[in-house]
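Data block below; observations after.
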Amino acid sequence: MAISDRNPRLIPQRNPNRRVRRFLLLPAAAAVLFLLSTTITSSSSTAAADEGAMVISSDPYFAGLPIHRRSVLAVRSDPLRERANLIRKQAGDHAALAAAYASYARKLKLENSKQVRLFAELSQNFSALLGAARPLLDPAAPLDEASLRRFEHEVKDRIRASRQLITDAKDAFDNQLKIQKLKDTIFAVNEQLSKAKKQGAFSSLIAAKSIPKSLHCLAMRLMEKRIAHPDRYADPPSPPPELEDPRLYHYAIFSDNVLAASVVVNSAVRNAKEPWKHVFHVVTDRMNLGAMQVMFRLKDYNGAHIEVKAVENYNFLNSSYVPVLRQLESANLQKFYFENKLENATKDTTNMKFRNPKYLSMLNHLRFYLPEMYPKLHRILFLDDDVVVQRDLTGLWKIDMDGKVNGAVETCFGSFHRYAQYMNFSHPLIKERFNPKACGWAYGMNFFDLDAWRREKCTEQYHYWQNLNENRTLWKLGTLPPGLITFYSTTKPLDKSWHVLGLGYNPSISMEEIRNAAVVHFNGNMKPWLDIAMNQFRHLWTKYVDYEMEFIHQCNFAS
């Protein structure tokens, strides 16, 4: 049955005044107990109890000093002594507080050292004051009103100074605490940012060096065509004489990218005034040789002459002659280049891109063997496979090289792209032979005087320095540093309009500068055949892709 259903008459009614009367009895009971305790306790027993309440103080400022403690029911009281103990406790508390603030100020390393000193001095003054008052606070010593007032006045003065100092320092402490927390937060965020940058750079490197599916498809389709019709795409029994005619304009293109190499040739031929006078020497690896042969025989290229060979066709390029091939046989070097793990690739974030194995490929180092590859030629223009030609380049053959070997566009401005950026000038050999402020230049469009090259013995110089750098102490990876060393003092600066760089990483290049350039270079990770290419520059490359070709359609290349 619920309480609400019960008969109210059956529930006993409480008297509202009953609780009030109960509480009113408590003071009377306490008074009775007090009187009983005072009656029962004799004077002698009270004295004995008081003597038993004498204990040794544990206060650090009064170590070893006996202190008189009274029980709750003690009748006798000493107002002066209680007042003295209260003052002592306040002084001890403020002394400890001042010492704590001084310690905290030292931990925060406040710029205002004056506050640290003031807190320390205040804590010492409290200690000195309490030490001087030990005889006054001794329970066995007599205590008078005048002495206690003087002690109380001195304690209050120090307490007042302590509170004022704490008030003045509070803002500084709060600000320092906020600054410290902000520094800790910034440090943690920087650590996360650094880790994210390393991971992003590694991911970007993988994206840039991977082969897109469409590009792989194109190479496979062309190779299939080559296998199906071996006689149609076989090399002629004797090479055409134009391939060795020094009166023609010769180009060297070393690439394993079929589409990129075709764009270089297409752009150069379309912008040439007399295409039939231009000869293109395309060198690739054995894997892509068949695809390259088919690509460059599907059209006539307006009468231009194209030679396609594999790097393996040059028998003199072996490990006994080429330092790079010999170094590639080293187990340590293979581990350094080919162990593509995140923790390995991000150890040196500045030169992470140079850890790519392509920098040991002979296709990259063939540029140092041009006189031996084309012994009957006097001059040749070297082009990277990520460039686009925008005007006739025959004017380069009319430049007076002044006996120099390499004609290139310089890339230094201010302190950037100087020799010190590419080489280790802490090494005595580098420091002795080269000027760290010498201006660097760009690979990608280089006009070489092969006769001057042979006279200066540049290939021998390259071998000498490459052998010394087997342990990578002279420079990091890549072909530009050994090129800067090999052609040091033998490079002729060309006008910057011949070669504009940065279309693969710098979005701020002006379109006017690009339009006036003879050659634009997509150096960087954002290659025009990749999805990560910059859209504002991509059309400069795609307009030279043969989208009407059957294999281009089959492999779904986006225009």
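Reckoned from all heavy atoms, side chains included, excluding hydrogens, waters and symmetry mates.
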Donor-acceptor under 3.5 Å (R286 side chain, N313 main chain):
no

Output yes when a side-chain donor or acceptor of K299 lies under 3.5 Å from a complementary backbone atom of F296, and no otherwise.
no

With a 3.5 Å cut-off and no angle check, do the side chains of Y544 and N271 form a donor-acceptor pair?
yes

Exactly one of Y374, Y249, Y251 clears ring pair (Phe, Tyr, Trp, His ring centres under 6.0 Å) with H281, and that residue is Y374

Quick check: does any side chain N or O of R367 sit under 3.5 Å from a backbone N or O of N364, one acting as donor and the other as acceptor?
yes

Less than 3.5 Å apart, any donor N or O on the side chain of R270 or N302 sitting next to an acceptor on the other?
no

A cation-pi test, strictly: NZ or CZ of K309 under 6.0 Å from the centre of the six-membered ring of Y314 and no more than 45 degrees from its axis. Yes or no?
yes

Judged by atom type as modelled, is there a donor-acceptor pair below 3.5 Å linking the side chain of S267 to the main-chain atoms of V389?
yes

Have N523 and D386 got a donor and an acceptor in their side chains that come within less than 3.5 Å?
no

Would you confirm whether H250, through its side chain, and E244, through its main-chain N or O, come within 3.5 Å as a donor-acceptor pair?
no

Donor-acceptor pair, distance only, cut-off 3.5 Å: does the side chain of N446 make one with the backbone of L381?
no

Less than 4.0 Å between a side-chain N and a carboxylate O, is that true for R515 and E512?
no

Kindly indicate, with the supporting measurements, whether the criterion ring pair (Phe, Tyr, Trp, His ring centres under 6.0 Å) is fulfilled by Y369 and H463.
CA-CA 11 Å; Y369 300 97; H463 284 175; 5.5 Å; yes

Does W498 have R391 sitting over its ring (NZ/CZ under 6.0 Å from centre, angle to axis within 45°)?
yes

Is a side-chain donor-acceptor pair under 3.5 Å present for E372 with Y321?
yes

Name of the residue among F425, W465, W475, Y422 meeting ring pair (Phe, Tyr, Trp, His ring centres under 6.0 Å) with F434
W465

Are there over 12 heavy-atom neighbours, none belonging to E460, within less than 6.0 Å of that residue's CD?
yes

Look only at the side chain of K404 and the backbone of S489, and say whether a donor-acceptor pair between them is shorter than 3.5 Å.
yes

Ion pair D451/K376, N-O distance below 4.0 Å:
no

Listed once per pair and sorted, the disulfide bond (SG atoms under 2.5 Å apart) pairs that draw on residues 501-538, sequence neighbours left out
none

Sorted by chain and number, sequence neighbours left out, salt bridge (charged side-chain N to carboxylate O under 4.0 Å, His left out) with R379 holds for none

Side chain R454, main chain P375, donor-acceptor under 3.5 Å:
yes

Between N506 and S508, does any side-chain donor sit less than 3.5 Å from a side-chain acceptor?
yes

Less than 3.5 Å apart, any donor N or O on the side chain of T459 or W453 sitting next to an acceptor on the other?
yes

Taking the basic N atoms (NZ, or NE/NH1/NH2) and the acidic carboxylate oxygens, is any pair closer than 4.0 Å for R226 and D231?
no

